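Just so you know, these numbers use all the heavy atoms, side chains as well, and skip hydrogens, waters and symmetry mates. Every value quoted in this text rests on a predicted model; they were computed, and no experiment measured them. Residue numbers start from 1 in every chain, and the chains themselves are labelled A, B, ... in the order their sequence lines are given, proteins ahead of strands.
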Protein chains: 2
Amino acid sequence: MAKEPEDTIASRISRVLADRIVRGELSAGLRLRQDHIAEEFGTSHVPVREAFRRLEAQGLAISEPRRGVRVASFDLKEVREVAEMRAALEVLALRHAAKHLTPAILDAAEEATREGDAAADVHAWEEANRRFHTLILAPCNMSRLLASIDDLHAASARFLFSAWRSGWEKRTDHDHRAILLALRQGRADEAASILERHVQWIGRAPKSTQKGAVAPDAFAIVG
Amino acid sequence: MAKEPEDTIASRISRVLADRIVRGELSAGLRLRQDHIAEEFGTSHVPVREAFRRLEAQGLAISEPRRGVRVASFDLKEVREVAEMRAALEVLALRHAAKHLTPAILDAAEEATREGDAAADVHAWEEANRRFHTLILAPCNMSRLLASIDDLHAASARFLFSAWRSGWEKRTDHDHRAILLALRQGRADEAASILERHVQWIGRAPKSTQKGAVAPDAFAIVG
DNA sequence: CTTCTCCAAATTATAGATAATTTTTGATTC
DNA sequence: GAATCAAAAATTATCTATAATTTGGAGAAG
């Protein structure tokens, strides 16, 4: 057993690189040299180039012909753009998912919220947050929509991690609970409008401090 | 001069293949054999594989490891999904674009609508239709959003071409004109809601006739 | 100190080879 | 004649080696 679900080398590489970029281990603008990466993964450059194409499509890397591939940079404008796209698409997904939501799913989503509240660091919080959103949206059963949302979520997480590089304090996610309450009571429209506002909080007036650091309070809700 | 804007062979291949898939020249389920394609384009298989990754990300092809790549199939459910995503994202784009629209842009969009009304075949109509949408949305200046809309537009066009394989009759696009009128009068919200309804007409009850052919009238508006 | 030339490094792409896997074909059996 | 299983062919996925092109910088000339 113990067979890995990643079948091609290229997909494994793109997954690992995407994770590193999102977590901030590879900083914006950094050049991704195919030969180095090939060496690290013990492969040739061919699957590496395929992985680059995938990252490019996800918006995590940009490729300039004959000049190589580098980690995509992102500014506040793009963060807002991603937040608005997520808001629009997650609302759509929730509208379709609502009628398929079961109490069991809502309980699992509530558990995810609790885990987020208890998270020790930003990575644990993000993992729980992502699970919450996935749980309530997946029942829409629209694969293309869910894939797009997933890519946007990764872009959001990247911003979140970069902003919260240092310092993390526990908080309680009231929006998640309000969404769940509305869903339990069958008020799907209200749940959707809370979700819309909730997601759009990302990238709102980060008020960077002197040294480029960012004030954590500006992101009271980053779901 | 006459230098082509496509710099890498891989991007050229993916563009040509995407066009063929959208136009229906490559039918759903067809296997894309890398060596054959490599031979056709006079290249090796490496850029072909890169092109495959791009097509996969666009949802035009699906790749099964060790079993190769085939043209993605699509059913009515996915067409509706794409239509709803387009509606959500185009509304978002228009809301941001509205304040940057100039009379010159609106005139160009009106000209595109006229060309669509006069189109001799479905390909000419689609080209004009696409130009209309691009013209009024591009000023939102959100590159990621516009790229997503473009991919969705390609998926829509694919469905349109497959449904309208035989038979094409001229029509007048009242929705486009209503959108332009609302924009000229500064009623962006109304323009957005017409656009939302307009785009969602795609994939509504195609009522296929006996032989799998589709009744053109079912797609009175396919924008 | 600026500008120019030239060289090294990196990317893009070609060609050919190999192992693994899928598909097809063919032979054998019931 | 149909079904089944094995051999053969085709295809994918990958590696190695190499050519062409381009960028970027090091060092020389003004």
Are there more than 12 heavy atoms of other residues, nucleotides or ligands under 6.0 Å from atom CD of A/Glu111? yes
B/Glu25, CD: over 12 other non-hydrogen atoms inside 6.0 angstrom: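 It does: B/Glu25 CD has more than 12 such atoms within range.
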Quick one: do the A/Glu90 and A/His198 side chains pair a donor with an acceptor below 3.5 Å?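 Looking only at side-chain atoms, A/His198 and A/Glu90 do not form any donor-acceptor pair under 3.5 Å.
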For the residue pair B/Ser11 and B/Thr8, confirm or rule out a side-chain donor-acceptor distance under 3.5 Å.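 A donor-acceptor contact under 3.5 Å links the two side chains.
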Members of residues 49-73 of chain A that approach DNA chain D, where some heavy atom sits under 4.0 Å away: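 Within residues 49-73 of chain A, the residues near DNA chain D are A/Arg66, A/Arg67.
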Between A/Asp35 (CG) and D/dT18 (C1'), how many Å, whole number?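 For the pair A/Asp35 CG and D/dT18 C1', the rounded distance is 13 Å.
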Give me the first and last nucleotide of DNA chain C, going 5' to 3', that has any atom under 4.0 Å from a heavy atom of chain A.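 Contact boundaries, 5' end first: C/dA10 to C/dA13.
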Determine yes or no for a side-chain-to-main-chain donor-acceptor pair under 3.5 angstrom, with A/Glu81 supplying the side chain and B/Leu145 the backbone. yes
Taking the side chain from A/Arg70 and the backbone from A/Gly29, do they hold a donor-acceptor pair closer than 3.5 Å? yes
Any donor-acceptor N/O pair under 3.5 Å between D/dT14 base and A/His45 side chain: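 Such a pair does not exist between side chain and base.
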For A/Arg23, enumerate each residue passing the side-chain hydrogen bond (donor to acceptor under 3.5 Å, both in side chains) test, keeping only those at least two apart in sequence or located in another chain.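 Here no residue qualifies.
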When the nearest nucleotide of DNA chain D is assigned to B/His36 and to B/Val46 on a heavy-atom basis, which residue is associated with the more 5' position?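 Between the two, 5'-proximity favours B/His36.
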Report the C-alpha separation of B/His36 and B/His45 in whole Å, then their side-chain angles, then the decisive distance to 0.1 Å, and conclude whether the ring-ring contact (aromatic ring centres under 6.0 Å, His included) test is met. CA-CA 9 Å; B/His36 295 197; B/His45 57 92; over 10 Å; no
